[in-house]
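The figures that follow rest on heavy atoms only: side chains count, while hydrogens, waters and symmetry mates do not.
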Amino acid sequence: MKAPSSKLIPSFFFFLLQLYSSQFLKVNSQSTDSCNSNLLLKTQLPFEPTSFHCLPVWDTHGFILRYMQTDTNVWSFVLSAPNQNGYVGIGFSANGKMVGSSAIVGWVGSDGAPTMKKYFLGGQSPQEVQPDQGSLQLVSLNSSIVAENSRIYIAFQLTTDMPSNRLIYSVGPAGMLPSSSTFRLTQHQDQISTLLDYTTGESETKTLYATLRRTHGLLNLFGWGILVPIGMIVARYFRQWDPVWFYSHTVVQTIAFILGFAGVICGLVLENRLGTDVDTHKGLGIFILSLGCLQVIALLVRPNKEAKVRKYWNWYHHNVGRILVIIAIANIFYGIHLGDAGTAWNAGFAIALVVLFFIAAILELRLWTAKD
């Protein structure tokens, strides 16, 4: 387990800039191809794709798939994706998971030379992804890769009665193309699993470990993002009901810590299974959990009200709690972005925070009024 690095805070402050720039690139790069327009590269492809089924299969990264059974036991595919100086992959899986599947991967080198290889995805590490291996039977001389209008078009034909309907897609990190000598792939930047009905042309996204992702998000959202602020509100504005406020505050924060702890564990398991690079998000999560542990320890060594060190304990306890909440809220929004969870998660969490803010504002006003 890696501790948060010294670069964690700067990278956290710049993730919003990365988010906006990446969204701009997505919109800009997806505009040159769609299923509503004719594919203008048909003369450069080894087969005619005009009558193929066409469907967007990964809106986040602008992937478009065209396919058709063009002969007995022959299926033809054209995958279109933005050319972002990284590799693009399409895999055929038995169970929707990356490990154990076979894939077609293509990229365009810095010299403009296109390359397409098949791979066997034997594991999550680059050493276990083996070039020129796998179960896919390509039709010889009927595969090509074309780069035009800031997009990559990967065309290939498979010899099979029926291709697997569980397709996976991946995007390599920008600027990290495979070596021309070993053809080893670096860790993908992002991936997705889909379920394709070849007859109707309908594709359904099957996010890997969707239940674990959702559990990780909900536990952290309710634990660190909602219950901890509620516990702080109870401690600040309901002290007139002593000792009820203290026990209520303790119970709420204990439940929040348990949920948050479980959420961090789910996140570590999820990262290990997906093999994704989320060091900033993970580092912030571990830092938040560390602050939560410090608050638990502070409760256990809480001095008496009459003790001289009580004012220093209060200062420590209050400010650590505030730092925890601020970083937790930011990291939850960051996690929603990383998981591509959509506007519903952002809107729901934002509404909850606004409600808590207005409740706190009203209670704060009453508190100051009572002092006057």
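Gln84 places no side-chain N or O within donor-acceptor distance of the main-chain N or O of Gly86, the cut-off being under 3.5 Å. In this structure, the side chain of Thr115 does not engage the main chain of Trp107 through any donor-acceptor pair within 3.5 Å. Within the 3.5 Å criterion, the main-chain N or O of Ala155 finds no donor-acceptor partner in the side chain of Ser144. Remark: side-chain polar atoms of Trp75 are paired, donor with acceptor, to backbone N or O of Asp161 under 3.5 angstrom. Between the side chain of Asn304 and the backbone N or O of Ala307, no donor-acceptor pair lies under 3.5 Å. A side-chain donor-acceptor contact under 3.5 Å links Arg239 to the backbone of Ala235. Without hydrogens or angle criteria, Ser101 side chain to Met98 main chain gives a donor-acceptor distance under 3.5 Å. Checked by atom type and distance alone, the side chain of Arg166 never pairs as donor or acceptor with a backbone atom of Leu195 at under 3.5 Å. Side-chain atoms of Lys118 do not come within 3.5 Å of backbone N or O of Pro131 as any donor-acceptor pair.
Nearest heavy-atom pair across Met176 and Thr186 is O-OG1, 3.5 Å. What you find for Ala81 and Val88 is that their closest heavy atoms are CB-CG1, 3.8 Å. The minimum heavy-atom distance between Gly217 and Trp345, with the atom names listed, is C-CZ3, 3.9 Å. Contact detail for Leu136 and Ser102: the closest heavy-atom pair is CG-CB, 3.6 Å.
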Using the side chain to side chain contact (heavy atoms under 4.5 Å, CB included) rule, take Tyr87 and Ser170 through it: C-alpha gap first, then chi angles, then the decisive distance, then the call.
CA-CA 8 Å; Tyr87 66 78; Ser170 65; 3.9 Å; yes
Might you work through the side chain to side chain contact (heavy atoms under 4.5 Å, CB included) test for Ile336 and Ile332, ending with a clear yes or no?
CA-CA 6 Å; Ile336 292 173; Ile332 289 170; 4.2 Å; yes
Start with the C-alpha gap between Asp197 and Thr200, add the side-chain angles, then the distance that decides, and say whether side chain to side chain contact (heavy atoms under 4.5 Å, CB included) holds.
CA-CA 6 Å; Asp197 187 326; Thr200 63; 3.2 Å; yes
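Between Ser80 and Arg151, the side chains place a donor N or O and an acceptor N or O closer than 3.5 Å (distance only, hydrogens not considered). No side-chain donor from either of Asn73 and Thr159 sits under 3.5 Å from a side-chain acceptor of the other. A donor atom on one side chain and an acceptor atom on the other are not found under 3.5 Å apart for Asn314 and His318. Residues Glu364 and Tyr237 bring a donor and an acceptor atom of their side chains to less than 3.5 Å of each other.
In Phe261, the CZ atom is not crowded: 12 or fewer heavy atoms of neighbouring residues, nucleotides or ligands sit closer than 6.0 Å. A 6.0 Å sphere centred on OH of Tyr198 holds more than 12 heavy atoms belonging to other residues, nucleotides or ligands. Open room surrounds OH on Tyr247; 12 or fewer heavy atoms of other groups in view lie less than 6.0 Å from it. Counting non-hydrogen atoms of neighbouring residues, nucleotides and ligands closer than 6.0 angstrom, the CZ atom of Arg184 exceeds 12 such neighbours.
Here CD1 of Ile145 is found 4.5 Å from CD1 of Ile154. Values are rounded to the nearest 0.5 Å. With rounding to the nearest 0.5 Å, the separation of CG in Leu291 from CZ in Phe257 is 11.0 Å. Taking CG from Leu79 and CE from Met116, the interatomic distance works out to 11.0 Å, rounded to the nearest 0.5 Å.
Annotation: Phe63 is in aromatic contact with Trp58 [ring centroid separation under 6.0 Å]. Remark: aromatic rings of Phe47 and Phe156 are distant, center separation not under 6.0 Å. Taking the six-membered ring where the residue is Trp, the centroids of Tyr312 and Trp315 are separated by 6.0 Å or more.
Between Lys117 and Asp132 a salt bridge is recorded (basic side-chain N to carboxylate O distance below 4.0 Å).
Linking Ile, Leu, Val, Met, Phe, Trp and Tyr residues whenever their side-chain heavy atoms come within less than 4.5 Å places Leu294 and Val252 in a single cluster. There is a path of hydrophobic side-chain contacts, each under 4.5 Å, that joins Val320 to Ile323.
Using a 30° and 60° split on the angle between ring planes, His317 and His249 fall in the perpendicular class, above 60°. Ring-plane geometry between His281 and His216 is classed as perpendicular, the angle between the planes exceeding 60 degrees on a 0 to 90 degree scale with a lower cut at 30.
Here the side chains of Ile90 and Leu65 are in contact, with some heavy-atom distance below 4.5 Å.
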